[in-house]
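Notes follow the structure.
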Amino acid sequence: MEKREELYAGKAKSVYLTDDPDCLILEFRDDTSAFDGEKVAQLARKGMVNNHFNVFIMNKLAEAGIPVHVEKLLSDKEVLVKKLDMMPVECVVRNIAAGSICRRLGVTEGIDLNPPTYELFLKDDALHDPMINESHVETFAWVKTADLAKMKELTYKVNDVLKKLFADAGMLLVDYKLEFGLFHGEVVLGDEFSPDGCRLWDAETREKLDKDRFRQGLGGVVEAYEEVAKRLGMRLP
Ligand code: ADP
Ligand code: UDP
């Protein structure tokens with residue numbers, strides 16, 4: 001597999017073409033951002049930790065029958081993935097109230113959400129990723145209706161798999177964001193699953209072990225990610 005030119009540099013990852021038109025290389029950088037890029041920092045080891053974390057989680061999801069883009073871990077910061085035609089819509093499931101749902105609806109952080117909520121956001125930094133609904137997606141033809149239904153089904157299936165995985169390791173999966181894309185017409189889970197895009201709390205103390213440590217200036221960001229990885233039984237370099 002030959003790495004070719006950079007296709008896109010996002011806020012946390014860089015995307016490279018390869019000699020295979022169906023494959024890309026994602027490079028996980030140490031850059032961290034929050035509040036639509038307003039708060040930025042470089043956190044040593046973060047790229048490596050999130051790359052390994054993502055491959056570990058995506059492999060678990062694949063074992064559970066969820067189609068994922070990850071093909072192969074290439075190095076500490078690089079992963080080979082299927083090249084997807086990404087959907088401009090982010091899917092969020094919440095098991096416990098935190099973050100924007102508290103600000104939007106005046107809900108107290110920490111209450112159980114039963115059944116879990118399912119929300120859609122438009123992936124558009126300039127518009128601050130506004131919340132949208134299925135009707136908007138249909139009207140503006142952002143995603144085909146059948147594909148949107150598949151994304152919802154897969155997003156809930158991820159919840160079944162990962163809630164248990166984290167619970168067994170003493171953690172609560174509070175919420176998470178997923179991005180999907182099309183690979184030769186099939187809906188496939190893309191991007192990353194890491195503590196940058198989900199909320200994880202210690203089950204006993206409810207200590208935050210995710211990117212809220214960065215957003216809220218709590219410190220120990222990468223240390224918390226590494227603690228989560230350790231609890232899951234991952235061995236990081
Ligand atoms: P952002 O674009 O939000 O700043 P990142 O820094 O994580 O985010 O950049 C990674 C980009 O790569 C995102 O736009 C994401 O949608 C895209 N991406 C992730 N996985 C794939 C894939 N398998 N194929 C094509 N694009 C992908
Ligand atoms: N999230 C994300 N990228 C985004 C927006 C949200 O990864 O652009 C994740 C976030 O980490 C959290 C979940 O999606 O796990 C729900 O985020 P929320 O809507 O509460 O937004 P926030 O409070 O983080 O702005």
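Heavy-atom basis, side chains included; hydrogens, waters and symmetry copies ignored. The chain is numbered in sequence order, starting from 1. Counting convention: from 1, in listed order, for ligands and their atoms alike.
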Q: Measure from NZ or CZ of K13 to the centre of the six-membered ring of F28 and say whether it is under 6.0 Å with the direction within 45° of the ring axis.
A: yes

Q. Which atoms of ligand 1 are found less than 4.0 Å from any heavy atom of L24?
A. 24 (N), 25 (C)

Q | Contacting atoms of ligand 1, where contact means under 4.0 angstrom from a heavy atom of V81 | A | 23 (N)

Answer yes or no: does an N/O atom from [X] fall short of 3.5 Å to an N/O atom of ligand 1?
X: L84; result: yes
X: D125; result: no
X: D191; result: yes
X: A12; result: yes

Q) Is there a chain of hydrophobic side chains (I, L, V, M, F, W, Y, each step under 4.5 Å between heavy atoms) that links M58 to Y176? A) yes

[atom]: the protein heavy-atom neighbour that sits closest, reported with distance to 0.1 Å:
atom: atom 2 (C) of ligand 2; answer: K177 CE, 3.4 Å
atom: atom 23 (O) of ligand 2; answer: R199 NH2, 3.0 Å
atom: atom 13 (C) of ligand 2; answer: D175 OD1, 3.5 Å
atom: atom 9 (O) of ligand 1; answer: G10 CA, 3.7 Å
atom: atom 5 (C) of ligand 2; answer: E90 OE1, 4.1 Å

Q: Report the member of E27, E192, H69, M87 with the shortest heavy-atom distance to atom 23 (N) of ligand 1.
A: H69

[X] bridged to [Y] by N-O distance under 4.0 Å:
X: K46; Y: D31; answer: no
X: R213; Y: E223; answer: no
X: K3; Y: D19; answer: no

Q: Indicate, as side chain, backbone, both or neither, the part of D196 found under 4.0 angstrom from ligand 2 when only non-hydrogen atoms are considered.
A: backbone

(Q) One residue to check: K211. Relative to ligand 2, which of side chain, backbone, both or neither has a non-hydrogen atom less than 4.0 Å away? (A) neither

Q) Roughly how far apart are R231 CZ and D168 CG, rounded to 0.5 Å? A) 13.0 Å

[X] heavy atoms, cut-off 4.0 Å: which ligand 2 atoms fall inside?
X: R94; value: 16 (C), 18 (P), 19 (O), 20 (O)
X: A98; value: 20 (O)
X: C198; value: 11 (O), 15 (O)
X: G99; value: 20 (O), 23 (O)

Q. Could any protein non-hydrogen atom be found less than 4.0 Å from atom 10 (C) of ligand 2?
A. yes

Q) Would you call K123 a ligand 1 contact, heavy-atom distance under 4.0 Å? A) yes

Q: Give me the ring orientation class for F140 and H136: parallel if the planes are under 30° apart, tilted from 30 to 60°, perpendicular past 60°.
A: parallel

Q: Apply side chain to side chain contact (heavy atoms under 4.5 Å, CB included) to the pair T18 and L80, showing each step before the final yes or no.
A: CA-CA 9 Å; T18 69; L80 185 70; 4.2 Å; yes

With a 3.5 Å cut-off and sequence neighbours excluded, list the donor-acceptor pairs that the side chains of residues 181-188 form with protein atoms.
unit_1 : atom_1 : unit_2 : atom_2 : d
H184   : NE2    : D22    : OD1    : 3.2
H184   : NE2    : D22    : OD2    : 3.1

Polar contacts were defined as any N/O atom of the residue lying under 3.5 Å from an N/O atom of the ligand; does this apply to [X] and ligand 2?
X: R103; value: yes
X: D129; value: yes
X: E119; value: no

Within the distance-only criterion (no hydrogens, no angle test), does the side chain of [X] pair as donor or acceptor with the backbone N or O of [Y] below 3.5 angstrom?
X: D124; Y: L127; value: yes
X: D30; Y: G47; value: yes
X: D129; Y: V89; value: no

Q. Is a side-chain donor-acceptor pair under 3.5 Å present for Y225 with D196?
A. yes

Q) Of K208, R103, R206, R199, which is the lone residue that meets salt bridge (Lys or Arg N to Asp or Glu O under 4.0 Å) with E109? A) K208

Q.
Against ligand 2, does K123 come closer than 4.0 Å with any heavy atom?
A. no

